[in-house]
Protein chains: 2
Amino acid sequence: MTDLHETSRRLAELNLTHATLLVDEARARRNIRRFVTRAHAAGISLRPHFKTHQSADVAAWFREDGVDRATVSSLGQACYFADHGWRDLTLAIGLNPREMDDLTELAGRIRLGVTVDHPAQVEALATAAPTPLEVWLEVDVGYGRAGVPHQNHRRLAELAVAVEAHGHLICRGLLTHAGHSYGGDSELATRVFHDAHHGLATLRRVLERPELLISAGDTPGFMAVENWSGIDEARPGNFVFFDLMQHAAGVCTDTDLACAVACPVIGVYPERRQAVVHAGAVHLGKEALDTPDGPVHGRLLTMSRHGFGKLTADGVVTGLSQEHGTVTFDSEKQTAALTPGDLLLVLPVHSCLTCEQFAAYRTTDGHQLQRYARI
Amino acid sequence: MTDLHETSRRLAELNLTHATLLVDEARARRNIRRFVTRAHAAGISLRPHFKTHQSADVAAWFREDGVDRATVSSLGQACYFADHGWRDLTLAIGLNPREMDDLTELAGRIRLGVTVDHPAQVEALATAAPTPLEVWLEVDVGYGRAGVPHQNHRRLAELAVAVEAHGHLICRGLLTHAGHSYGGDSELATRVFHDAHHGLATLRRVLERPELLISAGDTPGFMAVENWSGIDEARPGNFVFFDLMQHAAGVCTDTDLACAVACPVIGVYPERRQAVVHAGAVHLGKEALDTPDGPVHGRLLTMSRHGFGKLTADGVVTGLSQEHGTVTFDSEKQTAALTPGDLLLVLPVHSCLTCEQFAAYRTTDGHQLQRYARI
């Protein structure tokens, strides 16, 4: 438990009183630089997804490494980043015809890409103000969430023709999110990556539209695959922080984990080897990793004067209600060494969802980072 | 699908453009009145939990029915409601010794109850500013989350003595949350309610402290049990809105369901009988109801000019990612009748978690209701 007490002491030095979202800036910057370097070496455009961090301050770290374009998943996020100087954004979620007024306003001031997979979306774009817009055709490469199935060449060809019938719409390419690469291992992620690329390349050939770009965006795939050739644009997002899900899949190491939640202990129950923290589903997000021992909602990280440390051998978040988190330890003695008021550092299962639960970040150096607030 | 199109039309009349949290005010007020009437008839104090709605505007509906005290689950919520005129609040979550400064400041301006189950929490109260505070001993009646197990008479007796060693601390009673009543049916909720009450009454007798009040607070129990006698204070919260979990447990009917999320359709996939809405885990909260057909994250409600209608026979939220929700229908034809831009009304699984995801409510009459914003 020495590691946990050292962690609690370090967190206390930051004067944290309640559940607080923390970022290890050095790690996040290293994660960013690694991806930028790889994209540069592969000669492909990196358009990172900012839905993970939704922070103008974190976005500035990307800009320092030469990134000048990004992906978002809501019009609100797009407006937020546009207000913070981002001039080239792709809204990588099916176009919502109800938002045309705000969307055309935004398209009037930045270079904006939108995503469609249905004729009614093209129609909405056509009847709105004729602001130049780059249109991506969303393709389903097997995830089964959104997009025209990649085998449906006819529907995709018709969609492209519908887009190009309007002078202010530019058909930019084929966009996919191979979300079925999550939750498995590197082997699965590699197979999904190659299948997706093969499906999109075939589609581009069949459509006889070599000018269409191929944009793909899942962190596991880009981490698992060495050679990114054939992809024109990479849109992963989670890699800036990673999380327990990515760690369990083997696509990152302990020292890549860059965001976690500092949680105050408010109950200690040695007889059942459990402590309760005031950090529940509303802080950590109710995502679970299925394990043979049951669902896991987080694991404990250590912290030293240098920032985050490593995953501890024990200390698992086994339960979450609205405001309570239950942490289960291996031994009664370890549990009994805790006291209400101690601070534990919880690595979340899915950082994208956890970060959404907070209005701001603190860095391990004590700085405040701002975040987009959804309305 | 006529019902769904009528619903979409009604929601469109509210000029909704993106995922929006809606409340049927008439239903919520009726839910409140029913509980107030029952508590009054039973002669017990109603101290509703405001963590469900976290809204000063909804709280005002309680006040109109004579409620002048409430329960909260964070110091932030307590300060918010104190700022909105609530003068008698119980913080029904294990005391966090790191928050003593803000807590004693608040205790200086309202009547504040706090919850302890560990000597270190009593110590924190003792060493802080000597502001009068009402202290509740948290008792675990079988949920296994927080509190001293009810059989552990010695530890509870010691805790009571420790509290009363300090002149500014008043030992108010025994507080429990029988959370194991959730997720089952009325029979389970009834059994849990009676077991909990029996455990607490026995405890009070063994401790020879008849003056200690018994405070209990789970919606399923109070809904399932007719006779509340023996409980001094009721702290349920969910009953103001209810949700799919309560409906599935049979503790409420269709016409009690008072909060839901209006969700824009952004993708239609008749071949797999699915539509995608721009409302994901960050809007609905990633809670699931386990069913034989897999996890359910919400079901569709209808809406008419009079407000919310009833649960539809089909239309189930079967998947949630960060910003996307996948709705599965019974037939291909029903699905094909949808178009991007339509609005669906989704009843969430757990309203407490869903409401946390929004900065404000809209009523079905179009009014805006404010909400506490967690910092």
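Per chain, numbering begins at 1; letters A, B, ... match sequence-line order.
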* Is there side-chain contact between B/E271 and A/N152, with heavy atoms separated by less than 4.5 Å? -> no
* Structure fact -> Assert top hit (heavy-atom pairs under 4.5 Å, partner chain A, pool B/L343, B/V148, B/V116, B/V265) equals B/L343
* A/G144 backbone acceptor or donor facing B/R272 side chain under 3.5 Å -> yes
* Return the option, out of A/R145, A/M100, A/E99, A/H118, with the maximum number of heavy-atom pairs under 4.5 Å with chain B. => A/R145
* To do: Name the option with the most non-hydrogen atom pairs under 4.5 Å to chain B; the candidates are A/A288, A/P340, A/G267.
  => A/P340
* Using a cut-off of under 4.5 Å for heavy-atom pairs, which of A/A12, A/P119, A/G147, A/A373 has the most such pairs with chain B? -> A/G147
* Asked: Who wins among B/V276, B/T115, B/V282 for the most heavy-atom pairs under 4.5 Å with chain A?
  -> B/V282
* Selection from A/Q274, A/H324, A/E323, A/E138 maximising heavy-atom pairs under 4.5 Å formed with chain B -> A/H324
* Checking heavy atoms, do the side chain of B/R155, its backbone, both or neither come under 4.5 Å from chain A? -> side chain
* To do: Could you tell me which portion of A/S74 (side chain, backbone, both or neither) has an atom closer than 4.5 angstrom to a non-hydrogen atom of chain B?
  => both
* chain A contacts, top residue of B/R98, B/H350, B/E356 (heavy-atom pairs, under 4.5 Å) -> B/R98
* Please flag which part of A/Q322 lies under 4.5 Å from any non-hydrogen atom of chain B: side chain, backbone, both or neither. => both
* Considering only heavy atoms, which portion of A/Q77 lies under 4.5 Å from any heavy atom of chain B: side chain, backbone, both, or neither? -> side chain
* Asked: Counting heavy atoms not belonging to A/Q151, are there more than 12 under 6.0 Å from its CD?
  -> yes
* So which of B/T339, B/T326, B/L353 has the biggest tally of heavy-atom pairs under 4.5 Å with chain A? -> B/L353
* To do: List for me each residue that meets side chain to side chain donor-acceptor pair (under 3.5 Å) alongside B/D140, sequence neighbours excluded, and say none if there are none.
  => none
* To do: Please test B/I266 against A/I93 for side-chain contact (heavy atoms from CB on, under 4.5 Å), starting from the C-alpha separation and ending with a verdict.
  => CA-CA 8 Å; B/I266 55 168; A/I93 187 166; 3.5 Å; yes
* Structure fact -> Bottom line for A/D117: the part with an atom under 4.5 Å from chain B's heavy atoms is side chain
* Sub-3.5 Å donor-acceptor pair from the side chain of B/R374 to the main-chain atoms of A/Q357, do we have one? -> yes
* Asked: Given the options A/P264, A/G76, A/A359, A/A275, which has more heavy-atom pairs under 4.5 Å with chain B than any of the others?
  -> A/P264
* Can you tell which of A/L16, A/N15, A/L320 has the highest number of heavy-atom pairs within less than 4.5 Å of chain B? -> A/L16
* Identify, with sequence neighbours excluded, every residue that meets ring-ring contact (aromatic ring centres under 6.0 Å, His included) alongside A/Y143. => A/H177
